[in-house]
Amino acid sequence: MSPILTVTDLRVSFATEDGVVHAVDGVSFDVAPGEVVAIVGESGSGKSVTAQTLVGLTRSSNAKITGSVNFDGRELTTMSDDELRGVRGEHIAMVFQDPMTSLNPVYRVGDQIAEMIRAHRDVSRAEALSRAVELLRSVGIPTPERRVRDYPHEFSGGMRQRVMIAMALALEPEILIADEPTTALDVTIQAQILRLLDSLNRDRNLSVVLITHDLGVVAELADRVVVMYAGHIVEDAPLDELFYNPQHPYTWGLLGSIARLDEARPERLTQIPGSPPSLLNPPTGCRFAPRCKYAFDRCTQPPPLEARLNDPTHLDRCWLEPAEKVANR
Ligand SMILES: Nc1ncnc2c1ncn2[C@@H]1O[C@H](COP(=O)(O)OP(=O)(O)OP(=O)(O)O)[C@@H](O)[C@H]1O
Ligand SMILES: [Mg+2]
């Protein structure tokens, strides 16, 4: 299936007082219609900057953005802010970790959803409100006819996240980008929100780009996994391949020692000794080499992200031979 979103050699750097931070440094991946792509990696690896840049949210005077983000044949990186606002919400919607940052505390939830609809669609206020009720119902909010009149603070954290998802779906986007949508919620509520995302993905053929630290979530929802390290993608593979045939030593680290069919999967990413390099002045060779116990001479050269197995859908960025990897893992 041809992708609906193609990201090619995306680079995002920020000028700061300390120098230029290369937050995203040559990221390429694509998303097929109805596909769930999970992005994982340690804090600071560039996941959020990547996601935000897809919809133009990192644009600013201190940011430099190059490369391409192609949505359904349209180039987003060079689009005007106005045009991009049309794409955002309408075709690509975003949900963040903290819904209070996107909900306005002084307006009723129903009015916020209705206004969002009316900003993009030629419908009456009454029609937009009844659409808001249906949206709240579709994300599992009980008695939505009543709840549309409530203010954001009258909803619990999990219900607020549902409201955000309802708002994100208001214009029937093709892609939902969810940046740690459940991190702030307790475990049972997390599971409900994830089931909701899963059913939206199935019922509406919604593509989802899901950023998460939780491997349980990845295992449950993702079709494909992109692993980021220090602004790079180091591995990109279908879900089962990533779990059962991981190729990059960093991925081995994240998975801990579980990457085997006969052992239970881990719930969280494992801590890896050491810390990621500075993005002000990243190492010129493999960025993971300083923390990698398998590093050898060649790792002073930067490895490309390539298919190293007989599988064009499984890419990794490591100089070790596949056979050595199997032996070492
Ligand atoms: N506006 C900005 N100006 C300068 N540096 C920035 C800016 N936004 C992000 N960064 C830096 O870019 C790097 C990548 O940040 P990003 O938020 O994408 O990480 P992340 O992978 O989402 O991490 P986390 O898991 O903690 O959310 C970090 O070093 C961060 O400090
Ligand atoms: Mg983040």
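When a ligand or atom number is given, it counts from 1 through the structure's own listing order.
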Checklist entry - Does some non-hydrogen atom of Gln52 fall short of 4.0 Å from ligand 1? => result no
Checklist entry - Do protein heavy atoms approach atom 24 (P) of ligand 1 to less than 4.0 Å? => result yes
Checklist outcome for this item: In this structure, atom 14 (C) of ligand 1 is nearest to the protein heavy atom Gly44 O, 3.5 Å
Item to check | Residues Asn70 and Ser68: side-chain donor-acceptor under 3.5 angstrom | outcome: no
Next on the checklist: I want to know if ligand 1 touches Gly46 in the polar sense, i.e. an N/O pair below 3.5 angstrom.
Outcome noted: yes
Next on the checklist: Looking only at distances, can you tell me whether any N or O atom of Val49, backbone or side chain, sits closer than 3.5 Å to an N or O atom of ligand 1?
Outcome noted: yes
Checklist entry - Below 4.0 angstrom, N of the basic side chain to O of the carboxylate: do Arg85 and Asp82 qualify? => result yes
Checklist entry - Just checking, any donor-acceptor pair under 3.5 angstrom between side chains of Glu180 and His213? => result yes
Item to check | Test log, rule ring-ring contact (aromatic ring centres under 6.0 Å, His included), inputs Tyr294 and Trp319 | outcome: CA-CA 10 Å; Tyr294 310 103; Trp319 288 126; over 10 Å; no
Next on the checklist: Suppose we measure from atom 11 (C) of ligand 1 to each protein heavy atom; which comes out shortest, and what is that distance?
Outcome noted: Val21 CG1, 4.1 Å
Checklist entry - Within the structure, does at least one protein heavy atom fall under 4.0 Å of atom 30 (C) of ligand 1? => result no
Checklist entry - Is NZ or CZ of Arg291 both nearer than 6.0 Å to the six-membered ring centre of Tyr250 and within 45° of the ring axis? => result no
Next on the checklist: I'd like to check which ligand 1 atoms, numbered from 1 as shown, lie under 4.0 Å from a non-hydrogen atom of Glu180.
Outcome noted: 25 (O), 27 (O)
Item to check | hydrophobic_cluster_shared for Leu135 and Val123, side chain cutoff 4.5 Å | outcome: yes
Checklist entry - Is it true that some N/O/S atom of Ser48, main chain or side chain, lies under 2.8 Å from the Mg ion (ligand 2)? => result yes
Next on the checklist: Need the ligand 1 atom indices (1-based, order shown) with element for anything under 4.0 Å from a heavy-atom of Leu279.
Outcome noted: 13 (C), 29 (O)
Next on the checklist: Regarding ligand 1, does Ser45 bring an N or O atom to under 3.5 Å of one of the ligand's N or O atoms?
Outcome noted: yes
Checklist entry - Do you see a donor-acceptor pair shorter than 3.5 Å between the side chains of Glu42 and Ser45? => result no
Item to check | salt bridge (charged side-chain N to carboxylate O under 4.0 Å, His left out) assessment of Glu145 paired with Arg137 | outcome: CA-CA 9 Å; Glu145 314 67 15; Arg137 196 190 313 283; 3.2 Å; yes
Checklist entry - So which protein heavy atom does atom 12 (O) of ligand 1 come closest to, and at what separation? => result Ala23 CB, 3.2 Å
Next on the checklist: Starting from atom 5 (N) of ligand 1, what is the nearest protein heavy atom, named by residue and atom, and what distance separates them?
Outcome noted: Phe14 CD1, 3.6 Å
Checklist entry - Would one find an N or O of Thr16, backbone or side chain, under 3.5 Å from an N or O of ligand 1? => result no
Checklist entry - Do Ile65 and Val209 sit in the same hydrophobic cluster, where Ile, Leu, Val, Met, Phe, Trp and Tyr count as joined when their side-chain heavy atoms come under 4.5 Å apart? => result yes
Item to check | Heavy atom of the protein closest to atom 17 (O) of ligand 1 (residue, atom name, distance) | outcome: Ser48 CB, 3.6 Å
Next on the checklist: Hydrophobic cluster membership, with links at side-chain heavy-atom distances under 4.5 Å among I/L/V/M/F/W/Y: are Leu254 and Tyr244 in one?
Outcome noted: yes
Checklist outcome for this item: Short version for His213: what comes under 4.0 Å of ligand 1, heavy atoms counted, is side chain
Item to check | Closest protein heavy atom (residue, atom, distance) for atom 26 (O) of ligand 1 | outcome: Ser43 OG, 2.5 Å
Item to check | Under 3.5 Å side-chain donor-acceptor pair for Glu235 and Thr251 | outcome: yes
